[in-house]
Amino acid sequence: MRKQIAAANWKMNLSYAEGVQLIDKLIAEGIAPAAQQQVLLAVPFPYLDMASQKLAGQSGYAVAAQNCHQKASGAYTGEVSAPMLASMGLKYVVLGHSERREYFREDDALLASKVDMALSNGLTPVFCCGEPLSVREADAQNAYVAEQLRNSLFHLSADQMTGMVIAYEPIWAIGTGRTASAEQAQDMHAWLRSVIAEQYGASIAGQVSILYGGSVKGSNAVELFSKPDVDGGLVGGASLDAVDFAKIIRALK
Ligand code: PGA
């Protein structure tokens, strides 16, 4: 069975002390994820080591970076590479978040090279995709998101695709309080799985975890995650509250 994943995306939030406290509170919730469940905390770079140490003894929990550079090393002041993340023992990196695409001009081709760099260093990308409001209003979201996958992922081998984690995050639902309905999420996830199946076959498509992101909360996670193709969530705002994020973890299948 493919992994069911609750991923916290802290973005550029919290002081170091607040981050420590949030992880302590989350651990105190005492959730033991089942074998098919995975909890990820995508924390800011300077907190990766702290978070890794705190979660070291917690099975089913792992730390993720929120980005990495497309090159392995070199004169790129201020950047962080995939080999650096791997050398800290990390296993996951979020790539292609809509905020990176919008504010840092990350396009599909650049993201394809970041995905390659992550995979070649043993990191699993949590690859984000999703359409802006104008595309949804024109009912053109299926073609738009499929194109994002084709451009950034479909050069991968079957083996590489098998371990992929995709996060569908409609931009109009991020941080807006306006969640996609469970039906809208299911429709898109089923569509994306069919697009992957067309390229890689149904068996591989069935092993790709597809998370939903965009105003996931403790109060709507059960309904969203109950859908057959929604394999968990990538959670921004609600992941900054240990009690609410714990509810989201408990909502995983
Ligand atoms: P949100 O953010 O949960 O605050 O909408 C989700 C995300 O951007 O990953």
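Both counts, for ligands and for their atoms, begin at 1 and track the order of listing. Since the structure is predicted, the reported quantities are computational estimates derived from the model, not experimental observations.
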Notebook entry, point to check: Are Arg101 and Glu106 within salt-bridge range, i.e. N to O under 4.0 Å?
Noted result: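 Result for this pair is no, no salt bridge flagged.
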Note to self: Between His97 and Glu169, do the side chains contain a donor N or O and an acceptor N or O under 3.5 Å apart?
What the structure shows: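 Note: Glu169 and His97 side chains meet the donor-acceptor criterion.
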Margin query: Side chains of Trp10 and Gln66 only: does a donor on one sit below 3.5 Å from an acceptor on the other?
Written below: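 Short answer, no.
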Check: Just distances here: any N/O of Val235 and N/O of ligand 1 closer than 3.5 Å?
Finding: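 In fact, backbone or side chain, Val235 has no N or O that close.
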Next item on the list: Enumerate the atoms of ligand 1 whose separation from the nearest heavy atom of Ala173 is less than 4.0 angstrom.
Entry: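 Once the distances to Ala173 are compared, the set is 5 (O).
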Around [atom], find the nearest protein heavy atom and jot down its residue, atom name and distance.
atom: atom 9 (O) of ligand 1; value: Glu169 OE2, 2.7 Å
atom: atom 3 (O) of ligand 1; value: Gly236 N, 2.8 Å
atom: atom 4 (O) of ligand 1; value: Gly237 N, 2.8 Å

Note to self: Would you say the ring centers of Phe225 and Tyr212 fall short of 6.0 Å from each other?
What the structure shows: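 Ring centroids of Phe225 and Tyr212 are no less than 6.0 Å from each other.
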Notebook entry, point to check: Who are the side chain to side chain donor-acceptor pair (under 3.5 Å) partners of Gln37, not counting sequence neighbours?
Noted result: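 Per chain and number, Gln37 pairs via side chain to side chain donor-acceptor pair (under 3.5 Å) with no residue.
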Next item on the list: Return yes when Lys11 approaches ligand 1 closer than 4.0 angstrom through a heavy atom, no otherwise.
Entry: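 Yes, that is the case, since the closest heavy atom of the residue is under 4.0 Å from the ligand.
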Note to self: For Gly214, state whether at least one heavy atom is located under 4.0 Å from any atom of ligand 1.
What the structure shows: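 The answer is yes: ligand 1 sits under 4.0 Å from a heavy atom of Gly214.
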Checklist line | Asp231 vs Lys3, salt bridge (Lys or Arg N to Asp or Glu O under 4.0 Å): CA-CA, chis, key distance, verdict | finding: CA-CA 7 Å; Asp231 307 315; Lys3 283 247 184 267; over 6 Å; no
